[in-house]
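Numbers restart at 1 for each chain; the letters A, B, ... are given by sequence-line order, proteins then strands.
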Number of protein chains: 2
Amino acid sequence: MDASGTMSADLSSDCERLAADALDTDILGTSLDFAMHGAMAVLRRDLLAQLGAVRPVVFNLLALVGANPGILQTQLADALLLDRGSAASLVKKLQQWRWVEHRVREADRRCKGLYLSVTGARTLRHLKSQFQKHTARFHSRFTPDEHRQLLEFLQRIARQ
Amino acid sequence: MDASGTMSADLSSDCERLAADALDTDILGTSLDFAMHGAMAVLRRDLLAQLGAVRPVVFNLLALVGANPGILQTQLADALLLDRGSAASLVKKLQQWRWVEHRVREADRRCKGLYLSVTGARTLRHLKSQFQKHTARFHSRFTPDEHRQLLEFLQRIARQ
DNA sequence: TATTGTTATACTCTATAACTATA
DNA sequence: TATAGTTATAGAGTATAACAATA
């Protein structure tokens with residue numbers, strides 16, 4: 001349609017856009033992948049703005065170390081859905097920032113238990129309060145039942 | 001816990017991992033962001049394996065051009081949630097592969113309408129059948145009602 | 001001045017693979 | 001031989017910004 005609402009028979013001689021809602025989204029309209037992509041994009045943009053310079057994966061890692069003092073890198077990798085190399089790079093960065101410390105386990109010197117530093121613990125508390133603001137904005141779009149249901153749906157997809 | 005099921009008072013002298021299901025997931029357990037991340041990872045891995053060398057975004061782009069002959073790059077960018085630069089790079093690649101062609105609109109020579117080539121149309125048909133196999137694997141985890149509900153939930157998040 | 005498209009560049013995220021040290 | 005961790009590299013995906021052509 002052009003601006004006056006009539007069909008344009010020849011697009012190549014009419015630079016009006018097809019109206020956005022006149023676009024045929026084809027498979028995209030019912031694609032789980034694409035709907036997920038869109039939801040992720042919005043969620044992520046909001047979370048990034050809320051956490052500032054801290055990446056979401058760093059927040060997740062801090063939360064896990066905070067809740068599981070002595071956790072190993074390989075366990076972090078598993079829980080965060082990362083490979084060992086990516087987990088190692090992250091941990092190295094967090095150690096340079098002095099947010100995380102490690103102690104080699106004497107019983108098996110290959111293993112390093114990870115712990116939050118005092119600074120790391122303080123940072124985590126701050127990030128959690130920021131995360132709560134982010135979470136609240138999206139929780140408010142769902143009833144408690146809907147939210148539980150959505151989480152269950154997502155976990156059903158993630159289950160291998 | 002160690003292998004015998006007793007608590008280890010001193011982790012630093014015990015290299016047993018905390019059992020995976022004994023990990024405290026803290027906020028990750030109820031985090032929409034993390035659940036979404038996990039679901040996306042599984043969906044995406046499956047889709048990549050099914051589409052072979054073709055990236056999901058390329059499939060989405062082909063589907064849109066196929067369903068909307070003459071569509072503009074900026075419209076593609078909007079629909080695919082990309083910026084114009086990324087859309088331009090994609091379109092350029094697809095033109096080099098001879099899957100997509102363009103015609104400059106004489107009424108406004110800034111605009112290029114995009115169309116599938118014969119090869120592109122054939123490729124799209126193949127990719128759609130591959131995509132269906134992927135889709136079927138995940139649809140089977142949901143009743144039709146649940147699937148509709150999940151899509152609606154995701155769109156509710158994506159709505160700005 | 002606004003819009004379409006182009007190009008170069010850079011950053012995030014993650015994977016792969018080769019490596020060391022320890023068991 | 002297997003496991004924990006390290007490091008270098010590469011690729012996908014996307015954003016930013018400066019640019020040209022057209023309106």
Give a yes or no on this: more than 12 heavy atoms of other residues, nucleotides or ligands lie within 6.0 Å of atom CZ of A:R141.
->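 Buried by this count: over 12 neighbours within 6.0 Å.
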Is the shortest side-chain N/O distance from B:K92 to OP1 or OP2 of C:dT6 below 4.0 Å?
->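 No.
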N/O (side chain, B:K112) to phosphate O (OP1/OP2, C:dT6) under 4.0 Å =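 For B:K112, the contact criterion (side-chain N or O under 4.0 Å from OP1 or OP2 of C:dT6) is met.
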By side-chain hydrogen bond (donor to acceptor under 3.5 Å, both in side chains) - contacts of [X] (at least two apart):
X	value
A:H126	none
B:S86	B:D83
B:R156	A:E146, B:E152
B:Q130	B:K133

Using salt bridge (Lys or Arg N to Asp or Glu O under 4.0 Å) as the criterion, list what pairs up with B:R148, not counting sequence neighbours.
->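 B:R148 satisfies salt bridge (Lys or Arg N to Asp or Glu O under 4.0 Å) with B:D145 once adjacent residues are dropped.
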Between [N] ([atom2]) and [X] ([atom1]): distance, integer Å:
X	N	atom1	atom2	result
B:L47	D:dA12	CG	P	15 Å
B:L76	D:dT14	CG	P	14 Å
B:F59	D:dG13	CZ	C1'	18 Å
B:L72	C:dA2	CG	P	20 Å
A:L90	D:dT7	CG	P	14 Å
A:Q73	D:dT3	CD	C1'	13 Å

Sort me out a list of protein N/O and nucleotides 18-20 of chain C N/O pairs below 3.5 Å, or just none if empty.
none

Listed pairs, N/O of protein and of nucleotides 21-23 of chain D, under 3.5 Å:
{"residue": "D:dA23", "atom": "OP1", "partner": "B:R109", "partner atom": "N", "Å": "2.7"}

Under the salt bridge (Lys or Arg N to Asp or Glu O under 4.0 Å) rule, what pairs show up with a residue in residues 123-132 of chain B, not counting sequence neighbours?
->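 Sorted pair list: A:D26-B:K128.
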Can you list every pair that meets salt bridge (Lys or Arg N to Asp or Glu O under 4.0 Å) and has a residue in residues 45-71 of chain A, with sequence neighbours left out?
->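 Every pair satisfying salt bridge (Lys or Arg N to Asp or Glu O under 4.0 Å) with a residue in residues 45-71 of chain A: A:D46-A:R137.
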Throw together a table of side-chain donor-acceptor distances under 3.5 angstrom for residues 27-39 of chain A, partners on residues two or more places apart or in other chains.
{"residue": "A:S31", "atom": "OG", "partner": "A:D33", "partner atom": "N", "Å": "3.3"}
{"residue": "A:S31", "atom": "OG", "partner": "A:F34", "partner atom": "N", "Å": "3.0"}
{"residue": "A:D33", "atom": "OD1", "partner": "B:H134", "partner atom": "NE2", "Å": "2.9"}
{"residue": "A:D33", "atom": "OD2", "partner": "B:H134", "partner atom": "NE2", "Å": "3.2"}

Using the side chain to side chain donor-acceptor pair (under 3.5 Å) rule, collect all pairs that involve residues 89-98 of chain A, keeping only residues at least two apart or in two chains.
->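 Residue pairs passing side chain to side chain donor-acceptor pair (under 3.5 Å), neighbours aside: A:Q95-A:H102.
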Which class fits the ring pair B:F142 and A:F153: parallel under 30°, tilted 30 to 60°, perpendicular over 60°?
->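 Plane angle over 60°, so perpendicular.
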Taking the side chain of A:C111 as heavy atoms from C-beta outward, which of C:dT7, D:dA4, C:dT4 is closest to it?
->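 Nearest to the side chain of A:C111 among the choices is D:dA4.
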Any chance you could list the contact pattern along nucleotides 10-15 of chain C? Use B for base contacts, S for sugar-phosphate-only contacts and - for none, protein heavy atoms under 4.0 Å, 5' to 3'.
-> --SSSB
